[in-house]
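One structure below.
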2 protein chains.
Amino acid sequence: MTIAPRKQKILAAVIENYIACGEPVGSKTLQNSEDLNVSSATIRNELADLTLKGFLIQPHTSAGRIPTEQGYRYYVDNILEAREPDDGVKRYIENKLQSSFDAPERILKSAGEILSELLSTVAVATTPPGEDARVHRIKFVQTGRYTSMLVLITSSGMVKSRLFRCDFDITPEMLNVFDRSLNEALAGRPLSCVNQPFAQTFAASFGELGLLMPDMLTAVMDACFEASGINIYTSGTTRLLYQSDLDLVSARSILEFLGSESECEKTLGNVPDGTNIYIGRENPSPLLRRSSLISARYTIENQPAGTLALIGSMRFDYKKAVSIIEFTAKTVSQLISELVRKG
Amino acid sequence: MTIAPRKQKILAAVIENYIACGEPVGSKTLQNSEDLNVSSATIRNELADLTLKGFLIQPHTSAGRIPTEQGYRYYVDNILEAREPDDGVKRYIENKLQSSFDAPERILKSAGEILSELLSTVAVATTPPGEDARVHRIKFVQTGRYTSMLVLITSSGMVKSRLFRCDFDITPEMLNVFDRSLNEALAGRPLSCVNQPFAQTFAASFGELGLLMPDMLTAVMDACFEASGINIYTSGTTRLLYQSDLDLVSARSILEFLGSESECEKTLGNVPDGTNIYIGRENPSPLLRRSSLISARYTIENQPAGTLALIGSMRFDYKKAVSIIEFTAKTVSQLISELVRKG
DNA sequence: AATTAGCACTCGCTTGCTTAGAGTGCTAAT
DNA sequence: ATTAGCACTCTAAGCAAGCGAGTGCTAATT
């Protein structure tokens, strides 16, 4: 559906005003604040029409208009034009991100913090899913008489470590056996192969010696499982309680969403490439149906990787958010790609 | 200050009733619900006196009484008697904790979750401070062409790992040099020695070769710093928004407290041994001055170690909380001590 | 045909008032 | 020392009135 230019201008004005002030916008306010050279009566006619078409609603007869989800949607699709952030902001983002330029995880954590800070809202960053990664190498480091650390290096360059404890004295020879046999069996195999059946067959193939392995194998499975999932970094939870226009119910839902690893993973993992905005009921996750989710995928070597996201009420400063999240995602993509290229 | 037995009984009744219902308690309620064989007028006289003495207040003339901080304090000091939790609860706690019986960190994380779940409130668990720990051993694992992992093992048996990245190809020989020289210099030295000056002197003593070390040394410093601080595990943040009697301001403060590493560390690190209750303004941290903090230290080999804590409104079910947190702390102490003993 | 001035209308918010009810403190009797 | 009784205080809830913001409609104007 397209809308006549003036109507569109009025819709934009209502939405931007509402986003800025949080109060229903009336015809007089619009007449004063925008360069619409028409009378308030004309504006009222237009408003009535926009309301009829479902872009705006009136909380009650004697109130101004506020946007509906459909209104926001139109605004986001047809009116909002992406802009780059100010130079100062860009520099700020680049500097902050570069200062954690050693491991992808730290870059992502920083990215979340930056977004949360610049937009005063909750931000989430996920690591790339490692589902199709493979085992590159597994190493062991003895850390105590009964304990060792296992280091898993995946084909995508991720490193996970895990401690394990045995009932018996660990000897270097034993670790050597573990190391050699495990790498022989697993190098190049997908992480998802490293499961319970594998562990059993593997241990069984060693006969007596296999009885010493369960603790070690559990650690291997844990590490592979963790490496094949995604990590989720959340920032700015506190800000949730400072958002004036967020009712308790929405705030709780959002907190619940953030608290549920699986819900986050499902939602943020299935977001399409590029920047995306989900408004209210458009949200895939039921817990966010009263809020807005703005997501941006970052890429590694031009391949879609993980997700950055912002969560807040539907009354969101979409313009600012989109410009900042897009720029951040672009910068994250560059930095992580560079890291990966270097190996 | 001591209080006559009947008065004390009435005070206890008011507080327990208020904790249970969250509403001011009047003389008639008390007469009906407690086995006080006196008239409501008598109770009123007592209430008036308790109010005068500062243990109770009236929100307004025609309301019942609610406890003051002083009231809670008296209750907690003189009336509350510690009880063990029910057998079912005890078994639940023990089972849950034993299932994460491999690393102290996991036990503590579990402990926080258990507390938060059983008491429907926010729970925090801290690892023991490693401040007086020493470097036991440092090991290196190559993870990529330019990246390696450093594994720090402390005298207290803690293991920290850290990735680092160099600008040059890492060779096994180089790691060998790092390994030998670092361990020679640091084994047995306190973690706090591993600081900037040390790094500089150390690098300098290698001349040319020292120029290759900064990234590695930063990682070592980071790991030592992290190992010398405490880790903080928070559970049940979401529940904060479900506590009916917590106003927005307190909820925000608590979230802010939990969000501030330093504030948490300062507060929970300086808690005295055993179980402790801080009510409202008694709290060392200004952010908790409208809330209650219940802390319990756990011990390792009978030495005070880290802290378990509960945070909620002053209207807290202290009786249940104390019994559960004490039992949990005791169990945690046993399990971690056992781990440490085994090495 | 589009715009606009004007006006009656709606409805939420505030204020002021009243009432019911809970709980008190005090007094006089036990 | 306790208690019955009562007057008193104060909140919460309900209701009516007035205000004001903002509307939709109509008739006049461009």
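Naming convention: chains lettered A, B, ... in sequence-line order (proteins, then strands); numbering from 1 in each chain. Any value given below was found using the heavy atoms of this structure, including those in side chains, with hydrogens, waters and symmetry copies removed. Bear in mind that the values here come from a model prediction, so they are computed numbers and not experimental data.
What separates CD of A:Gln58 from C1' of D:dA21 is a distance of 11 Å, to the nearest Å. In this structure, A:Gln31 places its CD atom 15 Å from C1' of D:dA21, rounding to the nearest Å. Rounded to whole Å, the distance from NE2 on B:His60 to P on C:dG21 is 16 Å. Rounding to whole angstrom units, CG of residue B:Leu36 and C1' of D:dT2 are separated by 14 Å. Rounded to an integer number of Å, the gap from CD of B:Glu23 to P of C:dG23 is 9 Å. As rounded to whole Å, 13 Å separates atom C1' of C:dT24 from atom CG of B:Leu30.
Residue A:Ser62 has its side chain nearest to D:dG20 when only D:dT11, C:dT24, D:dG20 are considered.
Side chains of A:Ser292 and A:Tyr318: a donor on one and an acceptor on the other come within 3.5 Å. In summary, the side chains of A:Arg290 and A:Ser253 do not present any donor paired with an acceptor at a separation below 3.5 Å, with no hydrogens or angles considered. For the residue pair B:Gln243/B:Thr121, the side-chain donor-acceptor check at 3.5 Å is satisfied. A:Ser250 and A:Asp247 are linked by a side-chain donor-acceptor pair at a separation below 3.5 angstrom, with hydrogens and angles left out of the test. For A:Glu282 and A:Tyr72, the side-chain atoms include no donor-acceptor pair closer than 3.5 Å.
At least one side-chain heavy atom of B:Glu256 sits under 4.5 Å from a side-chain heavy atom of A:Tyr242.
Pair check for D:dT9 finds C:dA22; Watson-Crick or G-U wobble, both atom distances under 3.5 Å. C:dT27 is paired with D:dA4 under the criterion used here, namely a Watson-Crick or G-U wobble arrangement in which both key atom distances are under 3.5 Å.
Summarising the geometry of A:Pro67 relative to A:Ile15, their closest heavy-atom pair is CG-CG1, 3.7 Å, with the distance given to 0.1 Å.
For the pair A:Thr307 (side chain) and A:Leu268 (backbone), a donor-acceptor distance under 3.5 Å is present.
Look at A:Arg65 and you'll find a side-chain N or O under 4.0 angstrom from OP1 or OP2 of D:dG24.
Applying a 4.0 Å cut-off to non-hydrogen atoms, none of the residues of residues 9-20 of chain A approaches DNA chain C. The stretch residues 37-55 of chain B touches DNA chain C through B:Arg44, B:Leu47, B:Ala48, each having a heavy atom under 4.0 angstrom from the strand.
Under the 4.0 Å criterion applied to side-chain N and carboxylate O atoms, A:Glu16 and A:Lys319 are assigned as salt-bridge partners.
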